[in-house]
Amino acid sequence: MELLLDRLCSLREMELGDKAVGFLLTLTSLSIFTYYTFWVIILPFVDSDHFVHKYFLPQEYAILIPVIAGMVLLSFLSIFVGLVMLKSKKKKKTT
């Protein structure tokens with residue numbers, strides 16, 4: 001009975017930790033989305049001498065940053081898939 005209670009308590013703690021991580025990831029994603037949307041869609045219509053422009057990078061970076069991030073993501077994904085394929089090929093040779 002105690003073992004069952006211990007497992008339930010540890011599951012609740014893990015659920016709470018998972019919820020906290022999920023909340024932080026959601027909050028971070030929403031913050032980045034809001035910042036980027038304001039930067040790309042709304043900021044071009046604001047006067048260039050307005051104070052809000054000092055909180056944002058130049059417009060060129062609005063395209064450059066996501067392109068570089070996408071290239072890095074695709075590179076890591078390709079490396080991961082390649083390593084998995086190599087490991088599975090080695091396993092087939094040994095059997």
Exercise for review: Using the side-chain contact (heavy atoms from CB on, under 4.5 Å) rule, pick out the option among Ile63, Leu64, Ile65 that qualifies with Val67.
Suggested key: Ile63

Review point. From Leu24 CG over to Lys19 NZ, what is the distance, rounded to the nearest 0.5 angstrom?
Key: 14.5 Å

Practice item. Measure the spacing between CG of Leu27 and CD1 of Ile32 and express it to the nearest 0.5 Å. Key: 10.0 Å

Exercise for review: Indicate yes or no for a side-chain donor-acceptor contact from Tyr36 to the backbone of Ala62 under 3.5 Å, with no hydrogens or angles considered.
Suggested key: yes

Review point. Between Phe56 and Tyr61, is the ring centre distance below 6.0 Å?
Key: no

Could you list the donor-acceptor pairs under 3.5 angstrom formed between side-chain atoms of residues 68-86 and any protein atom two or more places apart in sequence or on another chain?
residue: Ser75; atom: OG; partner: Met71; partner atom: O; Å: 2.8
residue: Ser78; atom: OG; partner: Leu74; partner atom: O; Å: 2.8

Exercise for review: Could you identify which residues cluster with Leu25, counting Ile, Leu, Val, Met, Phe, Trp and Tyr as linked when any side-chain heavy atoms lie under 4.5 Å apart, either directly or through a chain of such contacts?
Suggested key: Val21

Exercise for review: Give me the other members of the hydrophobic cluster that Phe33 sits in, counting Ile, Leu, Val, Met, Phe, Trp and Tyr linked by side-chain heavy atoms under 4.5 Å, directly or via other members.
Suggested key: none

Distance-only donor-acceptor hits, side chain of residues 38-54, under 3.5 Å, sequence neighbours excluded:
residue: Trp39; atom: NE1; partner: Leu57; partner atom: O; Å: 2.9
residue: His50; atom: ND1; partner: Val52; partner atom: N; Å: 3.3
residue: His53; atom: NE2; partner: Val46; partner atom: O; Å: 3.3
residue: His53; atom: NE2; partner: Asp47; partner atom: O; Å: 3.0

